[in-house]
S.K.: 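What follows is a structure written as structure tokens; I'll ask about it next.
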Amino acid sequence: MPSPPRVDPRPAPPPLLPFTRAELALIARLDTPSKVQRWLNRLPYNAETKGETLRSFRPVARLKTAHCLEAALFAAVVLEQHGYPPLVMSLESQDWLDHVIFVYRHDTGWGSVARSRDPGLHGRKPVFASLRALAKSYYDPYVDYTGRIRGFGVANLARALPHYDWRLTMRHAWPVEQMLIDWPHRKIASDDRRYRWLLRRYKAYRAAHNDRKPLYYRGRDRWEPVPAAFLSRT
């Protein structure tokens with residue numbers, strides 16, 4: 001497999017797009033990654049059961065629901081208008097249930113914006129020294145009954161899909177998903193013994209807490225706030 005291309009995080013002038021007045025007002029209000037994260041946190045998760053949707057910014061803004069890749073596309077469009085390159089990271093799992101997040105670089109380090117049905121897979125503060133370190137921060141909370149991160153890949157959507165309307169399409173944006181599946185991923189090595197311990201701990205917690213998902217992970221001080229629905233159950 002060829003080496004993954006280097007990510008160029010340098011800002012570029014945002015594209016001129018036919019946003020509506022309401023969309024422009026929303027974009028103007030959500031002018032930082034943290035604000036985008038908080039807006040996404042308030043949305044009901046798009047708990048599709050058969051992988052039937054992949055919405056771009058426009059339908060997410062209108063319908064106000066999103067799953068992980070839809071949230072990443074929403075964040076990429078909004079923050080591109082504020083000077084952030086549209087970078088997304090694919091976290092590859094052993095069970096093929098991959099997770100996609102928006103990533104960005106700040107003076108203090110790399111951070112992310114994300115939405116998930118699991119509390120530990122949301123955004124991260126911009127404090128990570130590298131994209132690998134950011135990806136590894138998701139390793140422990142990714143372990144559930146079947147999940148385990150195997151690798152990560154990062155793509156600039158503007159360059160990876162230069163002729164596709166991933167920003168505003170009202171059709172399902174399946175080419176984005178296929179691009180990320182095909183995109184080169186870097187391996188994340190992990191210890192089998194630690195994985196088995198994390199898995200046992202996860203199963204035990206769910207069994208002892210009425211199937212509640214855990215929030216006991218190390219490094220939570222580096223997380224962005226998680227949706228209130230998870231906190232109300234702790």
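Quick note: numbers below take in every heavy atom, side chains included, and nothing from hydrogens, waters or symmetry partners.
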S.K.: With distance as the sole test, does Q81 use its side chain to make a donor-acceptor pair with the main-chain N or O of A76 at under 3.5 Å?
M.R.: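 No.
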
S.K.: Please report the closest heavy-atom contact between R167 and A158, naming both atoms and the distance.
M.R.: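 So the minimum-distance heavy-atom pair works out to NH2-CB, 3.8 Å.
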
S.K.: Within the supplied structure, the quantity of interest is the number of heavy atoms (other residues, nucleotides, ligands) at a distance under 6.0 Å from W174 CH2; does it exceed 12?
M.R.: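 More than 12 heavy atoms, drawn from other residues, nucleotides or ligands, come within 6.0 Å of this atom.
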
S.K.: Is it true that F57 and M170 fall in one hydrophobic cluster, defined by side-chain heavy atoms closer than 4.5 Å?
M.R.: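 Different clusters.
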
S.K.: Can you tell me how far NZ of K64 sits from CZ of R42, rounded to the nearest 0.5 angstrom?
M.R.: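 Between R42 CZ and K64 NZ, I get 10.5 Å after rounding to 0.5 Å.
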
S.K.: To the nearest 0.5 Å, how far apart are CD1 in I101 and CG in L91?
M.R.: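 Rounded to the nearest 0.5 Å, the CD1-CG separation comes out at 5.0 Å.
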
S.K.: Apply side chain to side chain contact (heavy atoms under 4.5 Å, CB included) to I27 and H82, showing your working.
M.R.: CA-CA 9 Å; I27 290 168; H82 297 292; 3.7 Å; yes

S.K.: If you take all heavy atoms of F102 and P86, which pair is closest and at what distance?
M.R.: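 Looks like CE1-CA, 4.2 Å.
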
S.K.: Go through it in stages, so that I can follow the logic: the residues are V36 and F74, the test is side chain to side chain contact (heavy atoms under 4.5 Å, CB included), and I'd like the CA-CA distance, side-chain angles, deciding distance and then a yes or no.
M.R.: CA-CA 9 Å; V36 175; F74 178 89; 4.2 Å; yes

S.K.: Does the structure place the NZ or CZ of R124 under 6.0 Å from the centre of the six-membered ring of Y138, at an angle of no more than 45° from the ring's axis?
M.R.: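 Satisfied, under 6.0 Å and within 45°.
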
S.K.: What distance do S116 atom OG and L40 atom CG have between them, rounded to the nearest 0.5 Å?
M.R.: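 It is 12.0 Å, given to the nearest 0.5 Å.
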
S.K.: Any side-chain heavy atom of W166 within less than 4.5 Å of one from P175?
M.R.: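 A side-chain contact is absent here, since even the closest heavy-atom pair is not under 4.5 Å.
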
S.K.: Are L73 and Y164 connected in the hydrophobic side-chain network, where two residues link if heavy atoms are under 4.5 Å apart?
M.R.: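 Linked, L73 and Y164 end up in one cluster.
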
S.K.: Any non-hydrogen side-chain atom of R29 less than 4.5 Å from a side-chain atom of W39?
M.R.: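 Yes, at least one pair of side-chain atoms sits under 4.5 Å.
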
S.K.: Could you verify whether a donor N or O on one side chain and an acceptor N or O on the other, from R222 and S137, lie under 3.5 Å apart?
M.R.: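 Result is no, nothing qualifies.
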
S.K.: Between V176 and I181, is there a shared hydrophobic cluster once you connect ILVMFWY residues whose side-chain heavy atoms come closer than 4.5 Å?
M.R.: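 V176 and I181: separate clusters.
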
S.K.: Ignoring hydrogens and geometry, is there a side-chain-to-backbone donor-acceptor pair from N46 to T65 under 3.5 Å?
M.R.: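 Here the side-chain-to-backbone pair does not exist.
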
S.K.: Can any side-chain N or O of E92 pair as donor or acceptor with the backbone N or O of D98 at less than 3.5 Å?
M.R.: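 Flag not set: sc E92 to bb D98 has no pair under 3.5 Å.
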
S.K.: Using 0.5 Å steps for rounding, measure from the OH atom of Y139 to the CD1 atom of I188.
M.R.: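 These two atoms lie 9.0 Å from each other.
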
S.K.: Between K125 and D221, is there a side-chain N and carboxylate O pair less than 4.0 Å apart?
M.R.: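 Looking at D221 together with K125, the answer is no, because their closest N to O distance does not fall below 4.0 Å.
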
S.K.: I need the L161 CG to L180 CG distance, nearest 0.5 Å.
M.R.: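 So the CG of L161 and the CG of L180 are separated by 8.0 Å.
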
S.K.: Work out which heavy atom in A135 is nearest to a heavy atom in M89; give both atom names and the distance.
M.R.: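 Smallest interatomic distance, heavy atoms only, reads CB-SD, 3.8 Å.
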
S.K.: Do you know which two heavy atoms are closest between V154 and W183, and how far apart they sit?
M.R.: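 So the minimum-distance heavy-atom pair works out to O-NE1, 2.9 Å.
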
S.K.: Just checking R132: does its CZ atom have more than 12 heavy atoms from other residues, nucleotides or ligands closer to it than 6.0 angstrom?
M.R.: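 Buried by this count: over 12 neighbours within 6.0 Å.
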
S.K.: Measure from the side-chain N and O atoms of H67 to the backbone N and O of E48, and report whether any donor-acceptor pair falls under 3.5 Å.
M.R.: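 It does not hold such a pair.
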
S.K.: Going through the checks in order, is the side chain to side chain contact (heavy atoms under 4.5 Å, CB included) test met by K187 and R150?
M.R.: CA-CA 6 Å; K187 290 183 178 180; R150 295 292 197 184; over 6 Å; no

S.K.: What's the spacing between D144 CG and S93 OG if we round to 0.5 Å?
M.R.: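 Output value for this atom pair is 7.5 Å.
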
S.K.: Backbone N or O of H99 within a donor-acceptor pair of the Y142 side chain at under 3.5 Å?
M.R.: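 Indeed, once roles are kept as given, a pair shorter than 3.5 Å links the two residues.
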
S.K.: Picking from R206, K213, R212, what satisfies salt bridge (charged side-chain N to carboxylate O under 4.0 Å, His left out) with D118?
M.R.: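 By the salt bridge (charged side-chain N to carboxylate O under 4.0 Å, His left out) criterion, D118 pairs with just one of R206, K213, R212: K213.
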
S.K.: With no hydrogens and no angle check, just 3.5 Å: does a side-chain donor-acceptor pair link H172 and R55?
M.R.: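 Side chains of H172 and R55: no pair found under 3.5 Å.
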
S.K.: Same cluster or not: L63 versus L43, using hydrophobic residues (I, L, V, M, F, W, Y) connected whenever any side-chain heavy atoms lie under 4.5 Å apart?
M.R.: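 Unlinked, L63 and L43 end up in two clusters.
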
S.K.: Could you tell me whether the side chain of Y104 reaches within less than 4.5 Å of the side chain of L79, counting heavy atoms only?
M.R.: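 No, every pair of side-chain atoms sits at 4.5 Å or beyond.
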
S.K.: Identify whether the distance between the nearest side-chain nitrogen and carboxylate oxygen of R148 and D192 falls below 4.0 Å.
M.R.: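 Between D192 and R148 there is a salt bridge, with a charged N closer than 4.0 Å to a carboxylate O.
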
S.K.: Could you tell me if the side chain of R201 sits less than 4.5 Å from the side chain of P214, heavy atoms only?
M.R.: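 No, their side chains stay 4.5 Å or more apart.
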
S.K.: Please work out whether the ring planes of Y202 and Y145 are parallel, tilted or perpendicular, with thresholds of 30° and 60°.
M.R.: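 Geometry flag for Y145 against Y202: perpendicular rings.
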
S.K.: If only atom types and distance count, is the side chain of E80 paired as donor or acceptor with the main-chain N or O of V77 below 3.5 Å?
M.R.: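 Not at all, since once roles are kept as given, no pair shorter than 3.5 Å links the two residues.
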
S.K.: Say whether, by atom type as modelled, one donor and one acceptor occur between the side chain of N41 and the main chain of P225 under 3.5 angstrom.
M.R.: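 Looks like yes, one N/O pair under 3.5 Å.
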
S.K.: Could you walk me through whether F152 and L134 pass the side chain to side chain contact (heavy atoms under 4.5 Å, CB included) test, one step at a time?
M.R.: CA-CA 10 Å; F152 73 98; L134 175 61; over 6 Å; no

S.K.: Treat each ILVMFWY residue as a node, draw an edge where side-chain heavy atoms are under 4.5 Å apart, and state whether L215 and Y45 are in one component.
M.R.: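 No, L215 and Y45 fall in different hydrophobic clusters.
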
S.K.: If you define the side chain from C-beta out and look only at heavy atoms, does anything of S190 sit under 4.5 Å from I149?
M.R.: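 With C-beta onward as the side chain, the pair stays apart.
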
